[in-house]
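What follows is one structure encoded as C-alpha cells, with my remarks underneath.
Everything numeric in this text was worked out from a predicted model, so none of it was measured. These numbers come from the heavy atoms of this one structure, side chains and all, not from hydrogens, waters or symmetry mates.
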Amino acid sequence: MRGFPGHLLPRAFFEASPEMVAPRLLGKLLVHRIGTGLLAGRIVEVEAYLGPHNDPPDPAAHAHRGLTPRNQVLFGPAGHAYVYTIYGRYFCMNISCEIEGQAGCVLLRALEPVAGADRMAANRGLDAGAPVRMLASGPSRLCQAMSLTRISHNGLDIASAASPLEVRDDGFTPGEVMVTARIGIKHAVDWPLRFALAGHSCVSGPRGRTATAFVPSKIPSY
DNA sequence: CTGTGGATTTGCT
DNA sequence: GCAAATCCACAGG
C-alpha cells in the first residue's frame with residue numbers, strides 16, 4: 001500500500017467495544033487493493049453490533065445466540081472482515097472488535113468514493129457519470145462498489161499490511177457526528193448505535209432523518 | 001415524494 | 001420452514 005495516503009490502523013484500534021470503535025471509524029479510509037488497481041472510500045456511516053457478553057445482550061446482532069459457522073469470525077481476534085450474504089443476493093461488510101473470545105463488530109454502511117470511482121460505478125452497473133452518492137451508500141452497495149464478497153473476503157485480517165483490504169487514517173478530522181437507531185433491523189430498534197457524518201451526501205437512507213448531536217470523547221490516536 | 005413487493009441464498013429452529 | 005443488518009423497480013399522489 002506504499003504511496004497511498006495515511007497509515008494502517010493497528011489491531012489495537014479495534015480491540016474495544018463496537019460502540020466505541022464505530023464512531024472512531026468515521027472519516028477513515030477503506031482501501032481494497034485489486035491487482036494493480038486500488039479502490040478506496042472514506043467511511044461516512046457505520047453501525048455497532050454488540051457481542052452476547054453485554055448486559056443486556058444485543059438481540060439484533062448475528063453473534064446474539066453464540067458462535068455458529070457463519071459468525072465464527074466475530075469471536076476471533078479484532079480487525080478481521082466479517083462478510084455475510086443477506087437476502088440471498090447481497091453482501092454486508094463488518095469489522096470484528098473486542099478481544100479474541102468476545103464477539104462484536106461494526107457494520108460499514110456507506111463510503112464516500114476516494115479512489116477508483118469509475119470502477120465502483122462499473123461494479124454497480126452504473127455509468128461513469130452516475131451521482132457519487134449512488135456508488136457506496138448502503139451496506140450492500142458498498143460491497144458491490146468495493147468488490148467485496150463472502151467467499152473472497154470473509155475472515156481477512158484487515159489490520160495486516162499484507163492484506164488486500166485495509167483501513168487507513170489519512171488525518172481527516174470528522175466534523176459533527178450524528179447518532180440514530182440502526183436501520184433495517186427488527187429487534188432493539190431504538191438503540192442509538194448508528195453513527196454518521198452529519199449532513200454528508202453519501203450517508204444512506206432518507207435525508208433529514210432525526211439526528212442527535214454526538215461528540216466522541218477522549219479518542220485515542222493510533 | 002411515498003409505499004409496496006419480488007428476487008434469491010443462507011443459516012438456524 | 002422461514003426469517004433475514006437489502007436493493008431496485010414500479011405504481012400512485
Measure from the ring centre of Tyr90(A) to the centre of the six-membered ring in the base of dT6(C), then say whether that distance is under 5.5 Å and the planes meet at under 30°.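 Check failed, Tyr90(A) does not stack on base of dT6(C).
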Do Tyr87(A) and the base of dA7(B) stack face to face, with centres under 5.5 Å apart and an angle between planes under 30°?
no
Between [N] ([atom2]) and [X] ([atom1]): distance, integer Å:
X: Arg141(A); N: dA5(C); atom1: CZ; atom2: P; result: 18 Å
X: Gln144(A); N: dT6(C); atom1: CD; atom2: P; result: 14 Å
X: Met134(A); N: dC7(C); atom1: CE; atom2: P; result: 10 Å
X: Ile86(A); N: dA5(C); atom1: CD1; atom2: P; result: 6 Å
X: Asn94(A); N: dT6(C); atom1: CG; atom2: P; result: 11 Å
X: His64(A); N: dG11(B); atom1: NE2; atom2: P; result: 20 Å
X: Ile185(A); N: dA5(C); atom1: CD1; atom2: P; result: 8 Å
X: Arg124(A); N: dA9(C); atom1: CZ; atom2: P; result: 10 Å

Expected list for residues 106-115 of chain A near DNA chain C, using heavy atoms below 4.0 Å, is Leu107(A), Arg109(A)
Got a donor-acceptor contact below 3.5 angstrom from the [X] side chain to the [Y] backbone?
X: Ser96(A); Y: Cys105(A); value: no
X: Arg141(A); Y: Ser137(A); value: yes
X: Asp169(A); Y: Gly171(A); value: yes

pair_partner(dA5(C)), Watson-Crick or wobble, both distances < 3.5 Å, evaluates to none
Exercise for the section: Report the residue (Arg150(A) or Arg65(A)) whose heavy-atom-nearest nucleotide on DNA chain B is the more 5′ of the two. Expected result: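 With Arg150(A) and Arg65(A) compared, the 5'-side residue is Arg150(A).
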Could you grab the distance from atom CG of Leu107(A) to atom CZ of Arg182(A), nearest 0.5 Å is fine?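 Reported value, rounded in 0.5 Å steps: 10.0 Å.
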CE of Met134(A) to CG of Leu126(A), rounded to nearest 0.5 Å, is 8.5 Å
Would you say Lys186(A) reaches dA5(C)'s phosphate, i.e. side-chain N/O to OP1/OP2 under 4.0 Å? no
>> Is it the case that dA5(C) (base atoms only) and Tyr84(A) (side chain only) share a donor and an acceptor within less than 3.5 Å, ignoring hydrogens and angles?
In response: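 It does, because a donor-acceptor pair links the side chain of Tyr84(A) to the base of dA5(C) below 3.5 Å.
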Which sits closer to the 5' end of DNA chain C, His187(A) or Leu142(A), going by the nucleotide each is nearest to?
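So the residue in question is His187(A).
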Checklist entry - Transitively linked via ILVMFWY side-chain contacts under 4.5 Å: Leu9(A) with Leu108(A)? => result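 Yes, one cluster joins them.
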Side-chain contact check for Arg89(A): nearest option of dT13(B), dG11(B), dA7(B) is dA7(B)
With a non-hydrogen cut-off below 4.0 angstrom, is Arg70(A) in contact with a base, only sugar-phosphate, or nothing? sugar-phosphate
For the residue pair Arg168(A) and Phe4(A), would you count it as a cation-pi contact if the rule is NZ or CZ under 6.0 angstrom from the ring centre and within 45 degrees of the ring axis? no
